[in-house]
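Residues: numbered from 1 along the sequence shown. For the numbers below, each heavy atom of this structure counts, side chains included, while hydrogens, waters and symmetry mates do not.
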Amino acid sequence: MATWQDFEQQAPALAAAGRERLDRKIAFLATLRKDGSPRLHPVRPFLAGKQLILFSSPPSPKTADLRRDPRFSLHPTYIEGGQTGGELLLSGTAREILDPDEETEAEADAPFPAGAGVLFALGLERAVGLIDLPEEGLARARWSEAAGFSQDVLGT
């Protein structure tokens, strides 16, 4: 899985839109229940170092879901007129942060007290969204770890 830093290097415009919409803002995390059905959670991911980090309390269903099946999708809230571009969807695999040094690094940038819960690094596999291009207008952008970045200009 790609880190947030990898994503930024390979798809800078889409990652910039993602940073604006995700860092310390409300988003919706989709996980899978034990029976395979989807579950949706409001979360507030944050960027720390090279990673997009998710905080979860130990008894939360999202913690159990991600420990059992680490696949996720993440969709930031959309506030009409408050953000440029529009939609964004990220998907990948969550990895629980268990290394004390990595945990300390993530908690240094965290919007909550150290040791308050479980941290997951969100490894990215794909991203799809709309971005504003200065000259061309709106574009549908796609990135995947396997295929790289592409965009289709939709116009103004």
Practice task
Quick one: sort the Phe112 and Phe46 rings into parallel, tilted or perpendicular, breaks at 30° and 60°.
Solution key: perpendicular
Exercise for the section: Measure the shortest side-chain to side-chain distance between Arg95 and Glu102 over non-hydrogen atoms and say whether it is less than 4.5 angstrom. Expected result: yes
Exercise for the section: Flag the pair Asp6 and Lys50 as a salt bridge only when some basic side-chain nitrogen lies within less than 4.0 angstrom of an acidic carboxylate oxygen. Expected result: no
Handout entry: Side chain to side chain, His41 and Asp65, heavy atoms closer than 4.5 Å
Key = yes
Completion exercise
For Gly49 and Glu105, the nearest pair of non-hydrogen atoms, with its separation, is CA-OE2, 3.9 Å
Problem - Side chain proximity check, Ile53 to Trp4, heavy atoms < 4.5 angstrom - result: no
Completion exercise
dist Thr3:OG1 -> Leu47:CG (nearest 0.5 Å) comes out at 10.5 Å
Practice task
Nearest 0.5 Å please: distance from the CG atom of Leu88 over to the CZ atom of Arg19.
Solution key: 13.0 Å
Handout entry: pair Pro58-Thr63: side-chain heavy atoms closer than 4.5 Å
Key = no
Handout entry: Smallest separation among heavy atoms of Arg33 and Pro38, with atom names
Key = NH1-O, 2.7 Å
Practice task
Apply the side chain to side chain contact (heavy atoms under 4.5 Å, CB included) test between Pro76 and each candidate in Glu20, Glu87, Arg21, Lys25; give the one that qualifies.
Solution key: Arg21
Practice task
Check whether any side-chain N or O of Ser56 sits under 3.5 Å from a backbone N or O of Val118 as a donor-acceptor pair, and report yes or no.
Solution key: no
Exercise for the section: Check whether any side-chain heavy atom of Leu22 lies under 4.5 Å from a side-chain heavy atom of Leu52, and answer yes or no. Expected result: yes
Handout entry: Backbone N/O of Pro100 and side chain of Thr104: donor-acceptor pair under 3.5 Å
Key = yes
Problem - Short side-chain to backbone donor-acceptor contact, Arg44 and Ile26, under 3.5 Å - result: no
Handout entry: Any side-chain heavy-atom pair of Arg140 and Leu130 under 4.5 Å
Key = yes
Handout entry: Hydrophobic cluster identity match, Phe7 and Val128, side-chain contacts under 4.5 Å
Key = no
Practice task
May I ask whether Leu133 and Trp143 are part of the same hydrophobic cluster, defined by side-chain heavy atoms of I, L, V, M, F, W, Y residues being less than 4.5 angstrom apart, directly or through others?
Solution key: yes
Exercise for the section: Say whether Leu14 and Val153 are linked into one hydrophobic cluster, either directly or through other cluster members, by side-chain heavy-atom distances under 4.5 angstrom. Expected result: yes
Problem - Cluster check Met1, Ile97: I/L/V/M/F/W/Y, side chain < 4.5 angstrom - result: no
Problem - Flag, side chain of Glu145 to backbone of Ala2, donor-acceptor distance under 3.5 Å - result: yes
Exercise for the section: State, with a plain yes or no, whether a side-chain heavy atom of Asp109 is found less than 4.5 Å away from one of Arg24. Expected result: yes
Handout entry: Verdict with supporting geometry, Asp69 and Arg71, salt bridge (charged side-chain N to carboxylate O under 4.0 Å, His left out)
Key = CA-CA 6 Å; Asp69 185 335; Arg71 294 176 293 170; 2.7 Å; yes
Problem - Reported CZ-to-CG distance for the pair Arg142 and Asp152, which is rounded to 0.5 angstrom - result: 4.5 Å
Practice task
Quick one: pull up CD in Glu125 and OG in Ser91 and give me the separation to the nearest 0.5 Å.
Solution key: 6.0 Å
Problem - Separation between CD1 of Ile131 and CG of Leu138, rounded to the nearest 0.5 Å - result: 8.5 Å
Problem - Point-to-point distance, once rounded to the nearest 0.5 Å, from CG of Leu54 to CG of Leu119 - result: 8.5 Å
Handout entry: Linked, directly or transitively: Phe72 and Val43 (ILVMFWY side chains, under 4.5 Å)
Key = yes
